[in-house]
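The figures here come from the full heavy-atom set of this structure, side chains too, leaving out hydrogens, waters and symmetry mates. Atoms within a ligand are numbered from 1 in the order they appear, just like the ligands themselves. Counting begins at 1 with the first residue of the sequence.
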Amino acid sequence: MKRSSFVLAAALVALAAVAAAVPQAPKPAAAPLSIRYEELTSPDFARAVAQSGGTCIVPLGILEKHGPHLPLGTDLIDCREISQRAAAAEYTIVFPPYFVGQIFEARHQPGTIAYGSRMMLDVLQQTCDELARNGIKKIILVNGHGGNDPFLHFFCQAQLETRRDYVVYLFEPAYDEATEARLDKMRKTTVDGHAGEEETSVMLAHHPELVRLDRARDESGEDQKRQAGLKNAYTGIWWYAGQPNHYRGEGSAGNAEFGKALLEAETGALVEMIRSVKKDTVTAELQKRFFEDAAKPLETRPFVRK
Ligand SMILES: [Zn+2]
């Protein structure tokens, strides 16, 4: 061994000894995972799926007029806010704002994007299929748009059409008497439903710069009752008959304090739902059994009285 090599070897041995003696600084903890799907890297997405227990929220809104004073994306913006607040409290992934839904009734108003009915079913189903292919077996639909309600109930029913290895859960807060009584005390108007006191208040609570409160009385949000003569019947034009301005209620009554209370109530209910969805094994099991029975209905055994 040449002297220089010997010195080098000795130095390396000494260094190794020092390295062994000095306690290694703990590795910095991995940065917390974003709750927003689009912000995750691909490797972090895999961690997020594990951390969320294979759950993901799809926040559904729409692009439609919200009276003369609220933004077109009000439902998207509010629904995303509630979803993100809940996900921050109980980790889950929040899908990007989703705006393919049912909004034919506002096609006469500027800014409405109304996709076809088959398309909206297909896009939502394929979104769920793709999430499930990526390990998300519990999909939570959080809807911010009233016009989507029948569509989303039908969508949930249609999950029984063919066998699936995932479950779709629709967020539906149960009626809570104490919460409703507290909110009712804060409420100033009796007619509401679209861009009225509630929605205006919620937007004032988290994005006041998007509210043009001074324009809230530019149009009427009163029910025009143009189908009042029709009894015991439902038609698709019912909303337009009553609310041709695509506005129901009195937006000028909105206030941030009421909005804050509404946001907190919704968020609390969603946190509770996410926790119960994570624990839920019954629904997937029932779904599996149902599809097995549905494949051979003649072999389905009846439940007998105990
Ligand atoms: Zn809305």
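- When the Zn ion (ligand 1) is compared with the N/O/S atoms of E199, atom OE2 turns out nearest.
- Using modelled atom types, one finds a donor on one side chain and an acceptor on the other under 3.5 Å when comparing Q125 with Q159.
- Evaluated for a side chain to side chain contact (heavy atoms under 4.5 Å, CB included) with H145, the options L60, I103, L63, D78 yield exactly one hit, I103.
- Minimum-distance N/O/S atom of H66 relative to the Zn ion (ligand 1): NE2.
- Among the backbone and side-chain atoms of H145, none of the N, O or S atoms lies under 2.8 Å from the Zn ion (ligand 1).
- No other N/O/S atom of D75 lies as close to the Zn ion (ligand 1) as OD1 does.
- By the side chain to side chain contact (heavy atoms under 4.5 Å, CB included) test, N134 pairs with F45, sequence neighbours left out.
- Using a 3.5 Å distance cut-off with no hydrogens or angles, the side chains of H194 and Q243 do not pair a donor with an acceptor.
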